[in-house]
Amino acid sequence: MSSFNSLSQGLIDVWLASDEMTMPESLYSGFIGSLSIKMALSVVGTAHGDPYDWTFQRIKDFGFKSHLLGQLRLQFPDATLRDLDRRFVDEAIIPAYSRCLQVGRPTLELVRTKLLGVRIGYERLILPQKCEGRPSWCISLVEGRFFIPPSKEAKTDMTDENIIQLLIEGQTTREIAEVLHLSPRTIEHRIDKLKARFEAKNLVHLVAKLVATQIGRRETENH
């Protein structure tokens, strides 16, 4: 599979050779088979003056399996923008596509936002119809970076907080026990409870979720 950067450059090269009569599928058809499971491609119809009447159509969806991503797909179907999550549309769709329509050339950006309470991050290339007037459609190629569900709000005591910090730092169960002057069995028991709380399948999954939670806290504190 090709990288996001190489696919973006390829799409831009094809876009540069296009004209006003070129249809969206003529631009992306040669690239569909090269998309990785982390990538998706869609077409946004922008002919209407009211952005909420713009239409969203999936052409190629993400290929990896995820319960969280499946839920997002169900809540974000092919539809007009007014029928989709308003906060996401107002923050991540309308401003970016409006800028792209205004300048009339491809735009590339890293997007960090929320969709239905889930923090998501992805790289996005937007290609507007190449024309003299207002583009009536845009192609969007995205590569997902992260999809983080809302963190659990259950309270943690000081021991749990210390365990969380030491896990993030890469300490083993035995090392954590030595630092906190507790038995390894006690640490294992608390880690098992943390796994259940954060719905983690294993220790690696738990640490990933703990890191994401810490990032989320810092982002909240900085706003």
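Predicted, not measured: the structure shown is a model, and the values here were computed from it.
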I'd like to know if the side chain of Trp54 reaches the main chain of His48, judged simply by a donor and an acceptor atom lying under 3.5 Å from each other, with no hydrogens or angles considered. yes
Taking Ile32 as the starting point, is it possible to reach Val43 by hopping between hydrophobic residues whose side chains are less than 4.5 Å apart? yes
Going through the checks in order, is the side-chain hydrogen bond (donor to acceptor under 3.5 Å, both in side chains) test met by Glu169 and Gln165? CA-CA 6 Å; Glu169 292 175 5; Gln165 183 58 41; 2.9 Å; yes
Is it the case that more than 12 heavy atoms not belonging to His205 sit under 6.0 Å from its NE2 atom? yes
So the salt bridge (Lys or Arg N to Asp or Glu O under 4.0 Å) pairs with at least one residue in residues 171-188 (sequence neighbours excluded) are Arg185-Glu188
Heavy-atom check, side chain of His189 versus side chain of Thr186, under 4.5 Å: no
Restricting to salt bridge (charged side-chain N to carboxylate O under 4.0 Å, His left out), what partner residues turn up for Asp53, sequence neighbours left out? Arg82
Quick check on the hydrophobic clustering: are Leu16 and Leu7 connected, directly or via other members, by side-chain heavy-atom contacts under 4.5 Å? yes
Check the pair Asp78 / Phe56 against side chain to side chain contact (heavy atoms under 4.5 Å, CB included), numbers first and verdict last. CA-CA 5 Å; Asp78 292 358; Phe56 172 82; 4.1 Å; yes
Are any side-chain N or O atoms of Thr55 and backbone N or O atoms of Val44, one a donor and one an acceptor, separated by less than 3.5 Å? no
Side-chain donor/acceptor pairs under 3.5 Å, residues 91-99, sequence neighbours excluded:
unit_1: Glu91; atom_1: OE1; unit_2: Thr113; atom_2: OG1; d: 3.2
unit_1: Glu91; atom_1: OE2; unit_2: Arg87; atom_2: NE; d: 3.3
unit_1: Tyr97; atom_1: OH; unit_2: Ser140; atom_2: OG; d: 3.2
unit_1: Ser98; atom_1: OG; unit_2: Ile94; atom_2: O; d: 2.7

Look up atom CG in Leu35 and atom OH in Tyr28, then write down how far apart they are to the nearest 0.5 Å. 11.5 Å
Point-to-point distance, once rounded to the nearest 0.5 Å, from CD of Glu143 to CG of Leu41: 13.0 Å
Tell me whether Gln171 contacts the main-chain N or O of Ile176 through its side chain, where contact means a donor paired with an acceptor under 3.5 Å. no
If we only count heavy atoms from C-beta on, is the Ile139 to Trp15 side-chain gap below 4.5 Å? no
Stepwise side chain to side chain contact (heavy atoms under 4.5 Å, CB included) test for Leu203 and Leu167: CA-CA 9 Å; Leu203 187 57; Leu167 282 173; 4.0 Å; yes
Between Val142 and Val111, is a side chain to side chain contact (heavy atoms under 4.5 Å, CB included) present by the stated rule, with each step listed? CA-CA 10 Å; Val142 303; Val111 182; over 6 Å; no
Scan for salt bridge (Lys or Arg N to Asp or Glu O under 4.0 Å) pairs involving residues 120-139, sequence neighbours excluded, and state none if there are none. Glu109-Arg124, Glu123-Arg145
Can you measure from CG (Leu125) to SG (Cys100) and round to the nearest 0.5 angstrom? 8.5 Å
Can you measure from CG (Asp13) to CG (Leu27) and round to the nearest 0.5 angstrom? 11.5 Å
Quick one, Ile163 and Thr159 - any side-chain contact, counting heavy atoms below 4.5 Å? yes
For residues 16-33, which residue pairs pass the salt bridge (Lys or Arg N to Asp or Glu O under 4.0 Å) check, not counting sequence neighbours? none
Do Arg86 and Tyr52 make a side-chain contact, defined as non-hydrogen atoms from C-beta onward lying under 4.5 Å apart? yes
Ignoring hydrogens, what is the shortest heavy-atom contact between Thr46 and Trp137? Give both atom names and the distance. OG1-N, 3.2 Å
Return the set of residues passing side-chain contact (heavy atoms from CB on, under 4.5 Å) with Asn5 (not counting sequence neighbours), or none when no residue passes. Ser3
Nearest 0.5 Å, what's the CZ-CG distance between Arg190 and Asn162? 9.5 Å
Taking Val14 as the starting point, is it possible to reach Met23 by hopping between hydrophobic residues whose side chains are less than 4.5 Å apart? no
Which value, rounded to the nearest 0.5 Å, describes the distance between Asp192 atom CG and Ile187 atom CD1? 11.5 Å
